[in-house]
Amino acid sequence: MRALVTGGAGFIGSNLCERLLNLGYEVLCMDNFYTGSKNNIREFYDNPAFEVIRHDVGEPFNIEADFIINLACPASVPHYQKDPLKTMKDNVFGIFNVMENARRLNVPVLHTSTSEVYGSPNIHPQPESYNGNVNPASVRSCYDEGKRAAETVMFDYHRRYGTDIKVIRVFNTYGPKMLENDGRVVSNFIVQALKGEHLTVYGDGSQTRSFCYISDLIDGIILFMTDKSGFTGPVNMGNNYEFAVKDFAKLVLSLTGSKSKIKFVELPKDDPVQRNPDLTLAKKALGYNPKIGIEEGLKKTIAYFEGVLKK
Ligand code: UDP
């Protein structure tokens with residue numbers, strides 16, 4: 001079985017490539033290396049089951065595979081806001097190209113949508129039945145609305161052509177192979193703590209997020225990918241252990257043993273106030289159950305960044 005993983009050199013993509021290789025799949029990793037990194041996939045180069053294709057998902061492609069997992073899109077807030085028009089194209093043109101390739105081959109597609117489709121939610125925790133609270137004209141909309149449009153495209157291919165689709169809404173995920181400078185809260189806080197710099201808490205830090213360790217998300221992706229029930233989602237995946245950002249900063253300080261201080265800085269525009277996945281559907285439909293506690297996951301991630309910073 002050959003898997004095509006778009007965005008395969010990114011944080012989630014490279015962890016997924018590793019798992020697929022370990023499970024005995026052949027892996028075609030497609031990436032334009034805009035935010036993906038060769039450092040994330042270099043260790044697979046000698047594996048004959050692994051191939052890399054430099055290609056931008058926004059351009060049409062014709063690639064043979066038995067299933068497709070679509071991860072291609074800049075995903076951290078600073079990265080997706082750097083070129084918002086490109087982010088929208090990656091999402092919308094990208095999903096058309098993925099779905100056309102899948103329709104031609106008659107193979108399933110698993111697409112990673114996002115908790116951002118809920119915008120700044122006024123229902124908490126967020127079930128899949130909640131349609132969200134998204135401002136179409138915001139600085140976050142290139143990602144939020146791009147991902148929402150991509151879901152629409154998938155469901156219309158499914159309705160019109162019967163394409164086998166699987167849609168995951170990924171909540172905040174962290175772990176080894178995140179970029180040290182991608183601007184996400186987990187990588188920022190750990191790197192700042194390890195370097196002895198101030199931890200930059202945005203706003204008053206009362207906004208909440210729920211953090212999932214990467215191996216739990218990968219477990220969920222594999223469960224869904226191998227599911228034969230015809231379940232399409234959309235389904236939330238993440239961990240529902242919720243933190244206020246300022247408490248999260250304190251936890252990182254305690255686990256790193258850092259003497260860094262917390263510095264409160266301006267809150268970015270339209271930063272969602274709270275976020276927590278309702279995982280009822282994921283548990284019921286797929287038996288999904290995240291296992292890694294926050295301290296265990298953070299310790300592994302801290303060890304990873306210690307290694308990166310030493311280099
Ligand atoms: N955040 C923060 N300090 C940072 C980076 C992020 O306080 O250095 C906050 C950010 O405002 C948001 C939360 O942490 O409320 C999660 O941010 P991230 O960019 O990791 O993901 P998001 O959930 O916003 O996509």
Side-chain angles (χ1 to χ4, degrees), residues 10-12 35 71 73-82 84 87 90-91 112-122 124-126 132-135 138-148 168-214 217 236-253 256 258 260-277 294 297-298 301-302 305:
F11 159 51
I12 296 175
T35 56
L71 297 155
C73 186
S76 78
V77 179
H79 282 165
Y80 74 62
Q81 288 180 345
K82 195 169 160 202
T87 299
D90 290 344
N91 278 306
T112 48
S113 186
T114 169
S115 54
E116 290 271 331
V117 299
Y118 301 119
S120 191
N122 35 36
H124 200 65
Q126 294 82 54
N133 175 32
V134 177
N135 168 5
S138 147
V139 289
R140 287 177 92 106
S141 312
C142 57
Y143 189 73
D144 302 10
E145 296 287 21
K147 288 282 187 183
R148 287 169 69 95
I168 297 180
R169 292 180 176 159
V170 177
F171 281 65
N172 295 67
T173 300
Y174 69 98
K177 296 193 175 178
M178 296 179 91
L179 286 178
E180 74 185 86
N181 59 354
D182 76 358
R184 286 185 169 104
V185 70
V186 178
S187 43
N188 274 10
F189 284 178
I190 293 177
V191 170
Q192 288 161 342
L194 293 177
K195 287 184 169 171
E197 296 170 357
H198 292 315
L199 271 61
T200 51
V201 170
Y202 298 165
D204 64 4
S206 61
Q207 70 273 30
T208 71
R209 294 293 187 273
S210 311
F211 298 102
C212 180
Y213 188 66
I214 182 68
L217 176 68
N236 293 335
M237 273 187 199
N239 193 319
N240 48 14
Y241 199 77
E242 185 176 355
F243 269 93
V245 164
K246 64 172 178 308
D247 296 331
F248 188 65
K250 288 179 198 155
L251 179 63
V252 171
L253 286 177
T256 51
S258 169
S260 294
K261 301 269 178 283
I262 291 174
K263 183 178 166 194
F264 292 90
V265 301
E266 195 184 344
L267 187 69
K269 201 154 173 2
D270 291 326
D271 197 274
V273 176
Q274 52 182 10
R275 188 182 287 157
N276 190 357
I294 189 76
L298 276 179
T301 312
I302 290 165
F305 278 115

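One-based numbering, in listed order, for ligands and for the atoms of each.
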Give the residue and atom name of whichever protein heavy atom lies nearest to [atom], and the separation in Å to one decimal.
atom                    : value
atom 24 (O) of ligand 1 : Arg140 NH2, 3.0 Å
atom 15 (O) of ligand 1 : Asp271 OD1, 2.6 Å
atom 17 (O) of ligand 1 : Val185 CB, 4.0 Å
atom 3 (N) of ligand 1  : Thr200 O, 2.6 Å
atom 1 (N) of ligand 1  : Tyr202 CD1, 3.4 Å

Query raised in the report: Of the listed options (Asn172, Asp144, Val186), which comes nearest to atom 21 (O) of ligand 1 when hydrogens are ignored and any heavy atom counts?
Result: Asn172
Requested in this report: Name the option, out of Glu266, Arg209, His198, that contains the heavy atom nearest to atom 22 (P) of ligand 1.
Outcome: Arg209
**Report entry** With Asp90 via salt bridge (Lys or Arg N to Asp or Glu O under 4.0 Å) - residues at least two apart
**Finding:** Lys86
**Report entry** Listed partners of Asp247 passing salt bridge (Lys or Arg N to Asp or Glu O under 4.0 Å), at least two apart
**Finding:** Lys250
Query - Polar contact flag for Phe189 and ligand 1 (N/O pairs, less than 3.5 Å) - result: no
Requested in this report: Examine distances only and state if a side-chain atom of Gln81 and a backbone atom of Val139 form a donor-acceptor pair shorter than 3.5 Å.
Outcome: yes
Just heavy atoms, cut-off under 4.0 Å: does [X] contact ligand 1 by side chain, backbone, both, or neither?
X      : value
Gln207 : side chain
Leu199 : neither
Asn188 : side chain
Val77  : side chain
Gln274 : neither

Query - Under 4.0 Å to a heavy atom of Val245 - the qualifying atoms of ligand 1, by number - result: 7 (O), 13 (C), 14 (O)
Query - Per-atom contacts, ligand 1 versus Val201 - under 4.0 Å to a heavy atom - result: 7 (O)
Side chains of [X] and [Y] in contact at under 4.5 Å (non-hydrogen atoms):
X      : Y      : value
Val77  : Arg140 : yes
Ser115 : Arg169 : no
Phe171 : Arg209 : no
Val265 : His198 : no

[X] near ligand 1, heavy-atom distance under 4.0 Å?
X      : result
Phe248 : no
Lys263 : no
Arg275 : yes
Gly203 : no
Glu116 : yes

Query raised in the report: When rounded to the nearest 0.5 angstrom, what distance separates OG1 in Thr301 from OH in Tyr174?
Result: 5.5 Å
Query raised in the report: Less than 4.0 Å between a side-chain N and a carboxylate O, is that true for Glu197 and Lys263?
Result: no
Query raised in the report: What is the ring orientation for Phe248 with Phe243, classed by angle as parallel under 30°, tilted 30 to 60°, or perpendicular over 60°?
Result: perpendicular
